[in-house]
Structures are given as C-alpha cells and as structure tokens.
Engineer: 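Just dropping this structure here.
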Amino acid sequence: AYPNPFNPQTKIEYEIGSSGHAKVEIFNLKGEHVNTLVNGWHFHGLHKVVWDGKDNNGMQVPSGTYIYRLSSAYVSFSKSVTLLK
C-alpha cells in the first residue's frame, strides 16, 4: 500500500497469477471485518484499488493499523496499513 501511513487514502496494488475470483478485504487488529474493496472476477496481471479509510457503511474509521488481505484461488496474503489523522 502506498502511501503508508496514509491520510486520506492509500492505493493497494496486487498481482493475480491466473484469471479467477479475487477479494481484497480490510480488517481491524481485533480481526473484525471493516470493508470489502474488491470481490469479483479478475484477469491475471497487476491491479490497483484505493481505500479511503471508510468502512462498508461509508463511515470514516478511527486512526490505527489495519490489515488488508488478498484472497484468490492460488494465493492469500495479508499486510498492514496505518491510517493517521
């Protein structure tokens, strides 16, 4: 994610090795789901999504560290990003 830390938004870049379903989700450090940024079919290659620091209801989340997770048929990984206000 870049920038990291961020305010008001960060860009998450990810690569899909083969075409198929992919999902990018945001979680807080308690493991609670905050937002789903991507959930659908992707062609293989590089993709980008922007997170504006809001939850699924469009509400601004508090400052802190969040985990973003990419899940696809052949890969799943998580990294952290920090929102500073």
Side-chain angles (χ1 to χ4, degrees):
Y2 180 82
N4 186 14
F6 74 98
N7 182 6
Q9 63 186 23
T10 188
K11 184 188 322 180
I12 299 169
E13 294 185 359
Y14 57 98
E15 189 168 356
I16 303 295
S18 61
S19 297
H21 186 268
K23 186 187 288 191
V24 177
E25 298 172 285
I26 306 291
F27 296 88
N28 63 24
L29 291 180
K30 295 178 186 177
E32 299 167 330
H33 183 264
V34 173
N35 201 337
T36 300
L37 304 179
V38 172
N39 188 9
W41 181 265
H42 282 63
F43 288 103
H44 73 281
L46 187 62
H47 301 272
K48 300 174 189 173
V49 65
V50 173
W51 183 42
D52 59 3
K54 295 182 180 175
D55 65 15
N56 273 335
N57 298 316
M59 302 297 294
Q60 187 67 44
V61 298
S63 294
T65 300
Y66 294 85
I67 306 299
Y68 62 95
R69 180 177 69 192
L70 168 68
S71 304
S72 68
Y74 300 104
V75 67
S76 179
F77 72 86
S78 300
K79 293 189 177 184
S80 65
V81 64
T82 301
L83 170 61
L84 294 179
K85 292 186 180 181

Engineer: Do you know which two heavy atoms are closest between Leu29 and Thr65, and how far apart they sit?
Structural biologist: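 Minimum heavy-atom contact is CG-O, 3.4 Å.
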Engineer: Check the hydrophobic clustering (I, L, V, M, F, W, Y; side-chain heavy atoms under 4.5 Å; chains of links allowed) and say if Tyr68 and Tyr2 are grouped together.
Structural biologist: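 In one cluster with Tyr68: Tyr2, no.
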Engineer: Side-chain heavy atoms nearer than 4.5 Å, only ILVMFWY residues, links allowed to pass through others: does that put Val24 and Phe77 together?
Structural biologist: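 Yes; tracing contacts between hydrophobic side chains, which count when under 4.5 Å, links both residues.
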Engineer: Let me confirm one number: the CD-OG1 distance from Glu25 to Thr36, rounded to the nearest 0.5 Å.
Structural biologist: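 It comes to 4.5 Å.
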Engineer: Supply the atom-to-atom distance Asp52 CG to Leu83 CG, rounded to the nearest 0.5 angstrom.
Structural biologist: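 The CG atom of Asp52 sits 10.0 Å away from the CG atom of Leu83.
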Engineer: Can you list the residues that meet the side-chain contact (heavy atoms from CB on, under 4.5 Å) rule with Asn4, with sequence neighbours excluded?
Structural biologist: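 side-chain contact (heavy atoms from CB on, under 4.5 Å) check on Asn4 returns Val81, Thr82.
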Engineer: Which heavy atom of Ser71 sits nearest to which heavy atom of Arg69, and what is that distance?
Structural biologist: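 Here Ser71 and Arg69 meet closest at OG-NE, 3.7 Å.
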Engineer: With clusters defined by side-chain heavy atoms of hydrophobic residues (ILVMFWY) lying less than 4.5 Å apart, directly or transitively, does Phe6 cluster with Val34?
Structural biologist: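 Same cluster.
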Engineer: Shortest non-hydrogen contact from Val61 to Lys54?
Structural biologist: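 That closest heavy-atom pairing would be CG1-C, 4.2 Å.
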Engineer: Quick one: side-chain hydrogen bond (donor to acceptor under 3.5 Å, both in side chains) partners of Tyr66, sequence neighbours excluded?
Structural biologist: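 So Tyr66 forms no side-chain hydrogen bond (donor to acceptor under 3.5 Å, both in side chains) with any residue.
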Engineer: Please tabulate, for side-chain N and O atoms in residues 13-22, each donor-acceptor pair with protein atoms closer than 3.5 Å (sequence neighbours left out).
Structural biologist:
from, atom 1, to, atom 2, distance (Å)
Tyr14, OH, His42, NE2, 2.8
Ser19, OG, His44, N, 3.1
His21, NE2, Asn39, OD1, 2.7

Engineer: How about Phe43: does its CZ atom have over 12 heavy atoms from other parts shown lying under 6.0 Å from it?
Structural biologist: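 No.
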Engineer: Below 4.5 Å, heavy atoms only, C-beta onward: do Asp55 and Glu32 meet side chain to side chain?
Structural biologist: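 No, side chains not in contact.
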Engineer: Considering non-hydrogen atoms only, spot the tightest contact between Ile12 and Ile26 and give its length.
Structural biologist: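 Taking every non-hydrogen atom into account, CD1-CD1, 4.3 Å.
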Engineer: Taking atom NZ of Lys85 as the centre, does the number of heavy atoms from other residues, nucleotides or ligands within less than 6.0 Å exceed 12?
Structural biologist: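 Yes, enclosed.
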Engineer: Is there a side-chain contact between Pro3 and Thr10 (heavy atoms, below 4.5 Å)?
Structural biologist: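 Yes, close enough: below the 4.5 Å cut-off.
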